[in-house]
Amino acid sequence: MAVKLTDGVTLHVLPTKKFKTVRIKIKLKAPLREDNSTSRTLLASLLETNSQKYPTQTAMRSELSRLYGASFYTDVTKKGTAHILTLDLNVVNDKFLSESDSVLNQSVAFLEEVLFRPNVQEGAFHEETFNRERENLRDEYSSYYDDKQLYAALALQELYFDDPAQQIPSRGREEDLEKITPRSLYMDYQKMLQEDIVEILVVGDVTEDELAKAFRIFSFSPRKEAGSQVFYAGKQGMDKKEKTEIHPVAQAKLNLAYDTGVYYHAENYYAGQVFNGLFGGYPHSKLFTNVREKESLAYYASSFMDTFRGTMTVETGIEGMDAPKVERIIAQQLEEMQNGLFEEEAFLQTKEMLKNGLYQSEDSPGGYLERVYANIIAKGSIIPLDEWIEKIDRVTKADVQDVAQNISLKARFLLKGESD
């Protein structure tokens, strides 16, 4: 299932007859730093746009059309202390084609071209492409202010974390763009290609032997395999931080950040997932039921956990004048969870919904590969679905209560209008 192509570069083949397509994700992981998120995001945009062989977007789209309508895109994310650049290709399975040539091999060759031969001239990225994608990214950053929930989420992140690398969005920030040039970005690209830990994941009706042979054309050099812990340390003991901003908004945003001590597939992870589902993760949760439905104080109210950073965030859309009351009700719901005051029916329903979500992820090639990758970087191995389901089933109400008792509020951000 796992083939070591060279030190720090691994191919993971996940054979299944469930899908009519073959999904390939190439994940390049680097330590998250304050100065690399923006450049890696811009780099991802350039790799998606063109290459030496396909110097225009039209040429690249034509090649994807020739590959029977293959889809290709890039993305960047962060997990804990890691920044991850992804190349994602979805292509029809050879078995459904009458052509003698392998579309899978051609697709791997396409990825090799895009990754190893970008549109570079004399040691710098093609200037016109660079300028266009930089302006596109600048426009994206400008749009963050208009999306008030996103703005509030990013403001809460900046308030909660002391580490500058954790404060900034995974896609970077506008003030860094001016520091990046076509030449400096090419240097960042070379560093990425030489030093990032690479995981290549493939799911579909394929075999390990054919994929291992196909990916031998990738000329990755060996790199250090040992890396720092991917989990970001929690914020235990930190005093609560608060910030309020006034913007011209019709709907206020009250966002709260908590330290949880719950990390991906740690001993308390499964109880943490049940806790979050009960607290604010599902429509039957305490936040949805009590803040939104019973009290009619919120347009929405939900919670989610980041188990690579040991945090939980609550997001609400409210009337600004109701913020103190909403915060009191949220605190009351957490206290009830800490005292074990939640219904058996809701507890069992949450476990069933968590399991259904896992089963559904098995039916999505992209979602399945993301779950597999998270397993790999966190645990170094793939956790079987039946083991995951079994651990959810074993969670008790006392386990959930234990998780709740270790959750503490650390940051509060309120975005409200002048009339509030």
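Since the structure is predicted, the reported quantities are computational estimates derived from the model, not experimental observations.
For the atom pair CG (Leu28) and CE (Met192), the distance works out to 5.0 Å, reported to the nearest 0.5 Å. With rounding to the nearest 0.5 Å, the separation of NE2 in His83 from CZ in Arg33 is 10.5 Å. Taken from OH in Tyr258 to CE in Met312, the straight-line distance is 5.5 Å, to the nearest 0.5 Å. For the atom pair Lys20 NZ and Asn90 CG, the distance stands at 13.5 Å (nearest 0.5 Å). Considering CG of Asp75 and CD of Glu370, their distance stands at 8.0 Å, rounded to 0.5 Å. For the atom pair CD of Glu178 and CZ of Arg134, the computed distance is 5.5 Å after rounding to the nearest 0.5 Å.
Leu193 and Arg223 get closest at one heavy-atom pair: O-NH2, 2.6 Å. When all heavy atoms of Leu358 and Ile389 are compared, the closest pair comes out as CD1-CD1, 3.7 Å. Considering all non-hydrogen atoms of both residues, Ser37 and Leu32 come closest at OG-CD1, 3.5 Å. The two atoms that bring Lys241 and Leu159 nearest to each other are CD-O, 3.0 Å, heavy atoms only. Ile168 and Gln157 make their closest contact through O-NE2, 3.3 Å (heavy atoms, listed as atom of the first residue, atom of the second, distance). Of all non-hydrogen atoms in Phe218 and Phe116, the two that sit nearest each other are CD2-CE1, 3.5 Å.
When the shell of 6.0 Å around NZ of Lys95 is examined, it contains more than 12 heavy atoms from other residues, nucleotides or ligands. Other residues, nucleotides and ligands contribute more than 12 heavy atoms inside 6.0 Å of the CD atom of Glu174. No more than 12 heavy atoms of other residues, nucleotides or ligands sit less than 6.0 Å from atom CD of Glu418. Other residues, nucleotides and ligands contribute at most 12 non-hydrogen atoms within 6.0 Å of the CD atom of Glu122. Other residues, nucleotides and ligands place no more than 12 heavy atoms under 6.0 Å from the NZ atom of Lys243. Heavy-atom neighbours of Lys240 NZ from other residues, nucleotides or ligands within 6.0 Å: above the threshold of 12.
Of the candidates Lys25, Glu208, Glu199, His12 forms a side-chain hydrogen bond (donor to acceptor under 3.5 Å, both in side chains) with just one, namely Glu199.
Under a 3.5 Å cut-off, the side chain of Thr289 and the backbone N or O of Lys286 do not form any donor-acceptor pair. For the pair Asp94 (side chain) and Leu104 (backbone), a donor-acceptor distance under 3.5 Å is present. Remark: side-chain polar atoms of Gln52 are paired, donor with acceptor, to backbone N or O of Pro118 under 3.5 angstrom. The backbone N or O of Ala165 sits nowhere less than 3.5 Å from a side-chain atom of Glu34 that would complete a donor-acceptor pair. A donor-acceptor pair is defined here as one N or O able to donate and one able to accept, closer than 3.5 Å; no such pair exists between the side chain of Lys253 and the backbone of Leu415. Under a 3.5 Å cut-off, the side chain of Thr86 and the backbone N or O of Asp88 do not form any donor-acceptor pair. In terms of modelled atom types and a separation under 3.5 Å, the side chain of Thr56 and the main chain of Ala59 share a donor-acceptor contact. A donor-acceptor pair is defined here as one N or O able to donate and one able to accept, closer than 3.5 Å; no such pair exists between the side chain of Ser170 and the backbone of Thr77. Not a single donor-acceptor pair under 3.5 Å links the side chain of Ser45 to the backbone N or O of Glu133. Between the side chain of Arg412 and the main chain of Asn255, no donor-acceptor pair closer than 3.5 Å is present.
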Distance-only donor-acceptor pairs under 3.5 Å for side chains of residues 371-382, two or more places apart:
from	atom 1	to	atom 2	distance (Å)
Arg371	NE	Ser361	OG	3.3
Arg371	NH2	Glu362	OE2	2.1
Asn375	OD1	Ile383	N	2.9
Asn375	ND2	Tyr264	OH	2.8
Asn375	ND2	Arg371	O	3.2

Pairs of donor and acceptor atoms involving the side chains of residues 275-284, under 3.5 Å and at least two apart or interchain, shall be tabulated with distances.
from	atom 1	to	atom 2	distance (Å)
Asn276	OD1	Ser303	OG	2.8
His284	NE2	Thr350	OG1	2.7

Let me see the working for Glu113 and Ser51 under side-chain hydrogen bond (donor to acceptor under 3.5 Å, both in side chains), right down to the final yes or no. CA-CA 7 Å; Glu113 161 70 20; Ser51 71; 3.0 Å; yes

Thr129 vs Asn50, side-chain hydrogen bond (donor to acceptor under 3.5 Å, both in side chains): CA-CA, chis, key distance, verdict: CA-CA 8 Å; Thr129 304; Asn50 55 35; 3.0 Å; yes

Given Glu210 and Lys213, is the salt bridge (Lys or Arg N to Asp or Glu O under 4.0 Å) satisfied, shown in steps? CA-CA 5 Å; Glu210 69 176 320; Lys213 182 179 179 181; over 6 Å; no

Going through the distances and angles, do Val198 and Ile26 end up as a side chain to side chain contact (heavy atoms under 4.5 Å, CB included)? CA-CA 7 Å; Val198 182; Ile26 302 176; 4.1 Å; yes

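Under the 4.5 Å side-chain criterion, counting only non-hydrogen atoms from C-beta, Tyr232 is in contact with Phe161. Side-chain atoms of Asp399 and Tyr270, non-hydrogen and from C-beta on, never get closer than 4.5 Å to each other. Between Leu46 and Leu185 the shortest side-chain heavy-atom distance falls below 4.5 Å. Residues Leu5 and Phe215 form a side-chain contact, since some pair of their non-hydrogen atoms from C-beta on lies under 4.5 Å apart. Within the 4.5 Å cutoff, the side chain of Val314 has heavy atoms near those of the Thr316 side chain. Between Gln349 and Met353, some side-chain heavy-atom pair lies under the 4.5 Å cut-off. A 4.5 Å side-chain heavy-atom check between Asp196 and Leu85 finds every atom pair outside the cut-off. Considering only heavy atoms from C-beta on, Glu319 stays 4.5 Å or farther from Gln251 through its side chain.
For Glu128, there are no side chain to side chain donor-acceptor pair (under 3.5 Å) partners, not counting sequence neighbours. In terms of the ring-ring contact (aromatic ring centres under 6.0 Å, His included) criterion, Tyr73 has no residue partners (sequence neighbours excluded). With sequence neighbours left out, the salt bridge (Lys or Arg N to Asp or Glu O under 4.0 Å) criterion links Arg132 to no other residue. Phe110 is linked by a ring-ring contact (aromatic ring centres under 6.0 Å, His included) to Tyr54, Phe72, counting only residues two or more places apart in sequence or in another chain.
Salt-bridge check for Lys224 with Glu195: failed, with every basic side-chain N at 4.0 Å or more from each acidic carboxylate O. A salt bridge between Asp176 and Arg173 is present, with a side-chain N of the basic residue lying under 4.0 Å from a carboxylate O of the acidic one. Residues Glu112 and Arg216 are not paired through a salt bridge, judged by the lack of any N-O separation under 4.0 Å between the basic side chain and the carboxylate.
Between Tyr145 and Tyr151, the two ring planes are perpendicular [angle over 60°; tilted spans 30° to 60°].
Residues Tyr300 and Phe288 place their aromatic rings such that the two centres sit no closer than 6.0 Å. When ring centroids are compared, Phe130 and Phe125 stay outside the 6.0 Å threshold.
Geometric assessment of Lys148 against the ring of Tyr144 yields a negative cation-pi assignment under the 6.0 Å and 45° thresholds.
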